[in-house]
Structures are given as structure tokens and as C-alpha cells.
Amino acid sequence: MMSTKIRQLAIAALVFASVPQVWAKEDPYLWLEEVDGERAIAWVKEQNAQTQSHLAESDLYKSLYADALAALSAEDRLPEITQKGDWLYENHLSKENPRGLYRRIPADQFDRGSEQWETVLDIDALSHAEDKKWVFKGMDCQDEAHTRCLLALSAGGGDAVELREFNARDRKFVTPGFFSPMAKQSAVWLDADHLLIASARGENAATSSGYARTTKLWRRGEPLAKARTLLEVPEKSVWLNPVAIGTGDQRPLLLNEGLDFWHARNFVYRGGKVLPLELPQSAVIEGALGDALVVKLNEDWKVGAKTWPLGSLVLVSLDSLVKGDSQVSALVTPGKSEVVESVAVSEAGVLVTMLDDVKGRAYFYRRGDKGFTRTPIAFPDNGKLAIATYSDDSGNAYLTWENFVTPPTLYRYRADADKLERLLVQSPTFDGSKFKIEQYFAESTDGTRVPYFAVMAKDIELDGDNPTHIFSYGGFRNALLPSYSGSYEPLNGAYGKLWLERGGVFVLANIRGGAEYGPAWHAAALREKRVKSYEDFAAVAENLIARRITRPQRLSIEGRSNGGLLVGASMTRRPDLFNAVICGVPLLDMKRYHKLLAGASWMGEYGNPDTDDWQFIKEYSPYQNLEADTDYPSIFFFTSTRDDRVHPGHARKMAARMKAMGQQVEYFENLEGGHKGSATHEQLANRVALMYAHLWTALEQSEQREALSAGGQ
């Protein structure tokens, strides 16, 4: 649920605390919050066994699993590359290396059929040697030769990581070297012998949200416990992270203190001192260009007589921010239908991807004598455009483009020549030529026009009988775009084989709470306005029915994380509107969400249930709104024991309560995988096959019930 580069670095775990007795009287399922409790794990294993028996032993599941695994394991799947200096790195997953072969290739040798990859670290071999299920979480290097790097490893895929110094040139861990045990933590290099590190490990080291609250200057050879504290924030703050931006020895080192999920204080570490920066608390620092910061504004910012509008990218002199006399100039001012989506800042200029009515655009901004010039980069329309990686020095970048029926294509943009090259085209995993993509608009309760995409057979009959599946999210300023995976999970077209080619219609709903139309689209569903997301979602469903694409008995929905809350709330608010639900790694008990793992960090999004905010939260909290005499849609819950971001207790308790009510419930909990829910292609294929087996089974049973009812009449 982290939406910016800085927030993605915010990592730390909370230890499960004892539960007050007052809750035990109100909630008979609190014991399921004990993540590794003996009774709770026994319950999980029992539910997994039941789901295995109900779904995984059928021919339908076996067919779905084979299709899913084939898509996920496609040999020509685009590599997920990261540029470090002159090298491109990738953690390559395969049948032989399900946890990954971390490898690299010189950037100038990278092309289709490249054979110049060299192995840097075999994650499977490391897991076997150390008898731990390691999941690779990234590597950051201090020198151009990549001999001084910090490598992050997670046990089971959670956000907590172990940091180890690693020599990528010699392909071995540095001993003795920097080493920080498992924790939610982050670190950046100051120089060859010093790190800035924030770790939530130790007494009083974590905020109430479970993230680090202290940043230290750690010198090579000294114990971390003796490192000098640079800044400590109150426990009520959300996180404190060190962040390096820009390139070279003079790159600014920042400290970011999260006040809530959407507001932060920023500091610069300079000359041995921590100095505050006078920026709006809602602003996001995207990078450094020369002596200026590139800043995205999420609210209007008045500086002197000038007001810089929300949604803009501006340049702000770093020295002026330290002095408290902000010097600001314009970089990007989006038009009415435009939204700045992603930003890559290099010494050569700024690469910006934008959305225009949820359609991807890309531009490169260069600084000249008369300000910035904007060069458009031509990509196909109606697709998802994303920056894969880029060079901090040259500005050369790799971008991907895809849509619902077209597999991803990797492009290389050469900033110095304004040249776009198509490098790799992934083979399709299903026949996209049979389907069409339509963008429709539904009218929400308050009259707001809500866009959504529908992928369907070209020869579809509008008879109200098409099995239709809606995926959405609606929160945390995340935009859902047309992707070959359908959802934001990297499924590589699996949904095409498992759903579209079997006769289904797939829908992506761009409801409020996301960022499809900028910060205002997100703010429209914050806190007491959260129900606007659910009204938008219901409006999309009703619009599909009005168009005779489907009907409630043939309609299913899916959401993950905040999207799990979305479908949970939608199911309890409108059980008549849907027939089947996929609810993944969800928030569901909104009375206690802020007491579980990273939940306290999201009070800026949802509110604080320990205050009067509960009056609007209780109106939609799924766990509290279950009613025993209601016939709910058939639901499939999935989560992970090792999810240290959204507590698995949410899904466990909701499933247990619904089962006790006699509802149709399937439950699956992967014992590793973190918030992603899976750590290998095989694990992901298994879960996806279970999901679609549940959907098709629920729809088939609904048809049978309808036929019997009609026969009785």
C-alpha cells in the first residue's frame, strides 16, 4: 500500500501484543490474530485442506493451474530490469530457479536473445545453503564498480529484511562488512565507510505503525548499537527513512518523517547536521536536478504572490529550502484531463509519464537557456505505459507498453538522440485478437462520471448472461491502468486463458480513491468520504447490468489489500448485486486495523476508529457489518502468514465468522509470500487457479439453481 519511492522504503514490523479482555468479550475470533499461534495455525491448515478438497482436486482446477503456470513461466517474459551504472540487473525466476537467479548484463549488450548475462547471486542456492526461504528484495551500490553494495533479503517475502554488504563484482558477501539483522529497515550509503540507517529492530525502535523512528550514522567496523543518532521522531509518527536522490558524491541525502501516510516532514543531512526543509507536508520529492529538487505538489502551494497548483511538478532550490526562502520555478503544469503519473530525474533531464483520461503519455523535459522544452515520446494509445528503469547520468530509459490484450513490449529511449527503439516483444499467452476493449462511464450516486474498461469477445451477445468479473482498488492514490495482467499483479496474461477464453468479460473500474484524475480523485474518497469509492463501484456494476452485459447472478468481483476492503464492504452493503467474491490480503476489521502491524500508518486514509471517526468507519467496516440473516455471495479469501503489512487476522476472522453463519466460504493462506501472497511462480499459479476455480464453480452453481427454480415454476 506504499505509493511513492519514499514510502516504498518505509519498512518495519510490529510484535503481536496481548489483547485487552474487553475485546475478547466482543470478538470470539481474536485468537486468530496470533499470527503463529498454535491454535491459529491449526485452523489455517484445516481451512487450506478444505479448500484443497473442494477446489484443487477437480479437473477444472488442474486445467486452470496448467494455463496459469504456463503464462507465468513463459521463457520470453520481459525481464524486470534495474539499471545500476552501466549494468542492467534482473532477478530471473525459472523452473530451475523458482526463487531467482540474480544476474546482470552490460546495458549496451542488452537486446533480444542476449546471452551475455552473468550470475551475481543464486537465491535458491543461498536458501538451500542457509536453510531459509529467502526472497530477494533489492540491492543498492555505493561505487561504480559495484564492489560496495547493500543486498536486502526477506525471509518468506515480508517487508522485514536482512541487510548484508555484498560485492557484486566478485559475487560474494563482504566479511566482515555491514550487516543488519532482520527488521523493517532501510539504509543508504554516505561514503565507502558510512551508512545512514533506520531500523525498527530493538527496544523502542519502532513507531506505533511498526516502522523505524531513528536514523543513525553507522561507521564501518562499529556495532550498530553504538552508531550516532542523527534524528529520532516521536512514536506517533509513521516512519523515518533515509533517502539518497540524484547522482555522484554530491547527491543530497534526505530524511523523510511520515506524519501520516499523506503528510511528511523532510530534512537534508549536510555537513554533519540535519536541517529541515520548508516544503508543504503533502509534497513528494521525486529527485534532484542540479542544485534543485524536483517536487510534485498534491495541494496548492503559495510562495509569495505566486500560487503553484496541485498536480504540478516544480523545481525548488535546495539551498533556498534550507534557508526558508523557497525559490520555485515551473517544470510541468498538467492540463485539465492530465495527471503526472511517474517521474525519472537524471542529469540529462526529466522523463515524465502522464495520464490523459486514463491513457498513457510520455514526455522528456530538457533544460535550456530559456527554460525547459518538452519533447513528446510516441507510444501506442489506450495502454499502460511505465518506466521500467533509467540511467541517472545519461537519462536513457527503458519503458514498457501493454494493454489488456497486447503483451508487454520493452522500449529503449535514448535521451541524447530523442530516439525510441523497440527492444523486446513478449509472446502472447492467449489470443487477444478475439477480444475488444471498451471504455464506458457510469454515473455514481452523487452524479460523478466514473470510467471503467471492459474486455469482451468481439461477437458478444448483450443478453445479460455473460459471466463478468470486476477488479478494482480505489485508494492510496493508485491508478489502475489497462495491463496484460488485467489487475496490477504480474500475471502475464493468465487471466486471458483462465477467464476471457472461457467466455468471461473482464472489467477494470477506475473508482475514486485512486489517482486516475490526480490528487483530487483520491481526496474525493478520503476518510469520511470513503463510501464514495463503494458507491462508484456499485454504479459500475449497475451500469454493466443496464447495458445487458451481465446480471447479478453472473457478476463477480475482486480486490486486494485496500481492494479487499472494497469488495468486503461492497459485499456487505450490496449482497444482492454480486454472486462471487475474491478478497485478497484484505483489511476487514476496521475497528482494530490500526492496532495490527502497519495499520496505524493508514489512519490518514481511513481515520482513527478510537475517536469520533468510528461513526463513519462503522458504516462500512465489513467485519462489523456482517448480518446472520443475509445471503452473501460465495467468497474466496486469500492471505499470507508472512504478510507483515496487512495482518492475516483480517481474512482469518472474517472467514471464520462467515463460516459460522453458514455462508459459502473458501479460504487459502500461503505460509510465505508476504503482502504479495506468493514467493514463486508455482505458488502464484496455485492461488490464481484456486481463485478462478472458485469463480467458475460459483457461477455454475448459480446457473443450476436458476434452472431448478425455473423448472419448479
Side-chain angles (χ1 to χ4, degrees), residues 1-17 137 140 150 152 154 158-163 178-190 194-219 222-245 253-270 272-277 279 281-282 284-285 593-605 608 610 644-647 675:
M1 307 179 75
M2 301 294 174
S3 61
T4 70
K5 298 173 185 176
I6 289 176
R7 291 187 179 94
Q8 287 170 342
L9 294 171
I11 47 177
L14 280 179
V15 177
F16 177 79
K137 288 285 187 171
D140 176 53
L150 278 183
S154 165
D159 289 342
V161 295
E162 184 175 281
L163 296 178
F178 286 110
F179 174 82
S180 183
M182 190 70 61
K184 286 192 174 183
Q185 59 186 326
S186 58
V188 296
W189 291 92
L190 176 62
H194 295 86
L195 296 176
L196 301 190
I197 184 169
S199 173
R201 185 183 181 89
E203 187 176 358
N204 298 319
T207 67
S208 58
S209 298
Y211 300 118
R213 57 186 293 249
T214 303
T215 294
K216 296 183 176 183
L217 177 62
W218 190 12
R219 185 177 60 190
E222 75 175 356
L224 179 56
K226 293 186 177 181
R228 179 165 69 92
T229 295
L230 298 180
L231 182 64
E232 182 174 273
V233 300
E235 187 178 353
K236 67 179 181 180
S237 294
V238 176
W239 59 65
L240 180 66
N241 290 309
V243 183
I245 60 174
L253 296 177
L254 306 180
L255 302 182
N256 177 265
E257 177 194 0
L259 302 176
D260 61 29
F261 203 85
W262 301 115
H263 298 87
R265 279 194 289 257
N266 288 283
F267 306 82
V268 63
Y269 179 68
R270 177 186 283 184
K273 298 180 180 180
V274 175
L275 306 171
L277 301 180
L279 275 173
Q281 292 181 352
S282 62
V284 175
I285 299 171
Y593 85 92
H594 61 314
K595 300 179 185 293
L596 302 173
L597 297 178
S601 66
W602 309 320
M603 288 193 289
E605 182 85 2
N608 183 350
D610 285 342
D644 52 3
R645 193 180 309 173
V646 176
H647 199 292
H675 194 53

| query | For Trp602 and Arg645, which heavy atoms make the closest approach, and how far apart are they? | reply | CH2-O, 3.3 Å
| message | Keeping Asp644 on the side-chain end and Asp159 on the backbone end, is there a donor-acceptor pair under 3.5 Å? | response | yes
| field | For Gln185 against Met182, the heavy-atom pair lying closest together | value | NE2-C, 4.3 Å
| Interatomic distance, Thr215 atom OG1 to Leu255 atom CG [nearest 0.5 angstrom] | 5.0 Å
| message | Within the structure provided, determine whether Leu196 and Leu217 are in side-chain contact (heavy-atom separation under 4.5 Å). | response | yes
| field | Member of Asn608, Asp610, Asp260 meeting the side chain to side chain contact (heavy atoms under 4.5 Å, CB included) criterion with Met603 | value | Asn608
| field | side chain to side chain donor-acceptor pair (under 3.5 Å) involving Glu605 - partner list, sequence neighbours excluded | value | Trp262, His522, Arg530
| said: If you compare all heavy atoms of Ala152 against all heavy atoms of Leu163, which two are closest, and at what distance to 0.1 Å? | reply: CB-CD2, 3.9 Å
| query | Just wondering, do Ile285 and Asn256 contact through their side chains at under 4.5 Å, heavy atoms? | reply | no
| query | Under a 4.5 Å cut-off applied to non-hydrogen side-chain atoms, are Leu150 and Leu195 in contact? | reply | yes
| query | Quick one: are Leu230 and Arg228 in side-chain contact, heavy atoms under 4.5 Å? | reply | yes
| Gap between atom CD of Glu162 and atom OG of Ser154 - 0.5 Å precision | 10.0 Å
| request: Among residues two or more places apart or on two chains, list those pairs meeting salt bridge (charged side-chain N to carboxylate O under 4.0 Å, His left out) that have a residue in residues 204-219. | output: Arg213-Glu232, Arg219-Glu222
| field | Euclidean distance, Asn266 CG relative to Asn241 CG, rounded to 0.5 Å | value | 10.5 Å
| request: Look only at the side chain of Thr207 and the backbone of Val238, and say whether a donor-acceptor pair between them is shorter than 3.5 Å. | output: yes
| query | Which heavy-atom pair separates Leu253 from Ala244 by the least distance, and what is that distance? | reply | CD2-CB, 3.6 Å
| task | Applying ring-ring contact (aromatic ring centres under 6.0 Å, His included), name anything that partners Phe178, two or more places apart in sequence or on another chain. | result | Trp189, Trp218
| remark: Sequence neighbours excluded, the answer for side-chain contact (heavy atoms from CB on, under 4.5 Å) partners of Arg201 is Pro181, Ala183, Ser199
| request: Mind running side chain to side chain contact (heavy atoms under 4.5 Å, CB included) on Tyr593 and His647 for me, showing each step along the way? | output: CA-CA 8 Å; Tyr593 85 92; His647 199 292; over 6 Å; no
| Whether Phe261 and Trp239 hold their rings parallel, tilted or perpendicular, with breakpoints at 30° and 60° | perpendicular
| For the residue pair Gly258 and Ala264, what are the closest heavy atoms and their distance? | CA-CB, 4.2 Å
| With a 4.5 Å heavy-atom cut-off, do Leu259 and Arg265 have their side chains touching? | yes
| message | Restricting to non-hydrogen atoms, name the atom on Ser237 and the atom on Glu257 that form the minimum distance, rounded to 0.1 Å. | response | OG-OE2, 2.7 Å
